[in-house]
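Down below is the structure, laid out as structure tokens.
Source: prediction; values computed, not measured.
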Amino acid sequence: RQASFAGAVKMRFDGVLFFSACLAVVSRLVHCDEAPTEPTLTTRWFSEAEIAEYDGSDPDKPIYMSVKGTVFDVTSGKSFYGKGEGYNALVGGDRSVSVARMSLEPEDLAKKHDLSVLSQDERKSLDEIYESLYMVKYPVVGKMDFVRDSEEQPLSSPPAADEHTEL
């Protein structure tokens, strides 16, 4: 009698574990649109040519766009960013200027990530959209090469050897 009771308890415990595992899987699936906030330790670096391959023209590839040098997988927004859709011009490259200006004008699309052309208000708008929309809604899949390249460059050049700076 004790053996059957122990067996029943073990079976019930196993059932609870199984239910908990299923609940965790379902919870993960339901919340699958939650984007990570930072790239993984093995960040994928994209050149302009590489990200251009993810412009929505190939239905077998994801759709990527970059804002502020961060590459997002916007495939879940295919109805906006897919081939022939209203915001398709934003994918396949860094479109920080266009996002900041909320513009699909060719001259803004061509400026890509040149933030020097933006006003203070436009920069603030870009930061808000980046944080409240892209970082929240879309998974980060990498960074653009120009981010790494700018991190490798010193912010200012050291003075030449023959220059003397007075303090």
Side-chain angles (χ1 to χ4, degrees), residues 20-159:
S20 297
C22 289
L23 189 59
V25 168
V26 169
S27 175
R28 178 88 172 140
L29 290 173
V30 168
H31 295 98
C32 67
D33 61 345
E34 291 178 3
T37 56
E38 290 295 322
T40 62
L41 293 176
T42 55
T43 298
R44 178 171 177 192
W45 295 96
F46 289 85
S47 67
E48 290 285 337
E50 289 169 324
I51 196 171
E53 296 175 22
Y54 300 93
D55 66 354
S57 59
D58 184 343
D60 295 328
K61 289 185 178 179
I63 303 170
Y64 292 166
M65 76 177 282
S66 172
V67 179
K68 293 176 57 174
T70 301
V71 179
F72 297 96
D73 181 342
V74 297
T75 308
S76 65
K78 191 178 239 175
S79 61
F80 302 108
Y81 299 108
K83 190 71 176 167
E85 300 300 335
Y87 295 115
N88 180 254
L90 295 174
V91 300
D94 189 277
R95 300 297 184 253
S96 297
V97 172
S98 293
V99 169
R101 292 182 172 168
M102 297 181 193
S103 167
L104 296 175
E105 295 298 323
E107 59 271 11
D108 290 329
L109 291 167
K111 291 176 184 158
K112 302 178 184 178
H113 61 271
D114 181 9
L115 303 185
S116 68
V117 302
L118 299 176
S119 69
Q120 278 301 105
D121 286 342
E122 289 170 331
R123 286 177 189 232
K124 183 178 178 188
S125 173
L126 176 61
D127 290 342
E128 289 172 359
I129 294 168
Y130 176 84
E131 290 295 332
S132 66
L133 175 66
Y134 290 100
M135 289 300 288
V136 171
K137 189 169 183 176
Y138 299 110
V140 173
V141 294
K143 291 276 191 180
M144 294 297 295
D145 279 345
F146 70 81
V147 172
R148 178 176 50 194
D149 296 343
S150 69
E151 289 172 354
E152 292 173 359
Q153 299 297 317
L155 294 177
S156 61
S157 300

[X] side-chain N/O to [Y] backbone N/O, donor-acceptor pair under 3.5 Å:
{"X": "N88", "Y": "Y81", "value": "yes"}
{"X": "S96", "Y": "V67", "value": "no"}
{"X": "D73", "Y": "P139", "value": "no"}
{"X": "E131", "Y": "E128", "value": "no"}

State, yes or no, whether a side-chain contact exists between [X] and [Y] at a heavy-atom distance under 4.5 Å.
{"X": "R148", "Y": "W45", "result": "yes"}
{"X": "D94", "Y": "V71", "result": "no"}
{"X": "V117", "Y": "V97", "result": "yes"}
{"X": "Y64", "Y": "V141", "result": "yes"}
{"X": "T70", "Y": "M144", "result": "no"}
{"X": "Y130", "Y": "M135", "result": "yes"}

Rounded to the nearest 0.5 Å, what separates atom CG in L126 from atom CZ in R95?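 One finds 14.0 Å between CG of L126 and CZ of R95.
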How long is the span from the OG1 atom in T75 to the NZ atom in K61, to the nearest 0.5 Å?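 The NZ atom of K61 is 12.0 Å from OG1 of T75, to the nearest 0.5 Å.
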Minimum heavy-atom distance between [X] and [Y], given as atom pair plus value:
{"X": "V91", "Y": "M65", "result": "CA-CB, 3.8 Å"}
{"X": "A100", "Y": "E122", "result": "CB-O, 3.5 Å"}
{"X": "L118", "Y": "R123", "result": "O-NE, 3.6 Å"}
{"X": "S98", "Y": "L90", "result": "CB-CD2, 3.7 Å"}
{"X": "F80", "Y": "E85", "result": "O-CB, 3.2 Å"}

Suppose we call two aromatic rings close when their centres sit under 6.0 Å apart. Are Y138 and F72 close by that rule?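 No - the distance between ring centres of Y138 and F72 does not fall below the 6.0 Å cut-off.
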Without hydrogens or angle criteria, can the side chains of S119 and D121 be said to hold a donor-acceptor pair below 3.5 Å?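 Absent: no donor and acceptor within the cut-off.
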Does this structure show an ion pair linking D58 with K83, if we count only N-O contacts that are shorter than 4.0 Å?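 So D58 does not pair with K83 through a salt bridge.
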Quick one: which residue pairs count as a ring-ring contact (aromatic ring centres under 6.0 Å, His included) with a foot in residues 83-105, not counting sequence neighbours?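 Applying ring-ring contact (aromatic ring centres under 6.0 Å, His included) to every pair that reaches into residues 83-105, excluding sequence neighbours, yields nothing.
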Ignoring hydrogens and angles, write down the donor-acceptor pairs under 3.5 Å from the side chains of residues 104-113, residues two or more places apart or on other chains.
| from | atom 1 | to | atom 2 | distance (Å) |
| --- | --- | --- | --- | --- |
| D108 | OD1 | R101 | NH1 | 2.7 |
| D108 | OD2 | S103 | OG | 2.7 |

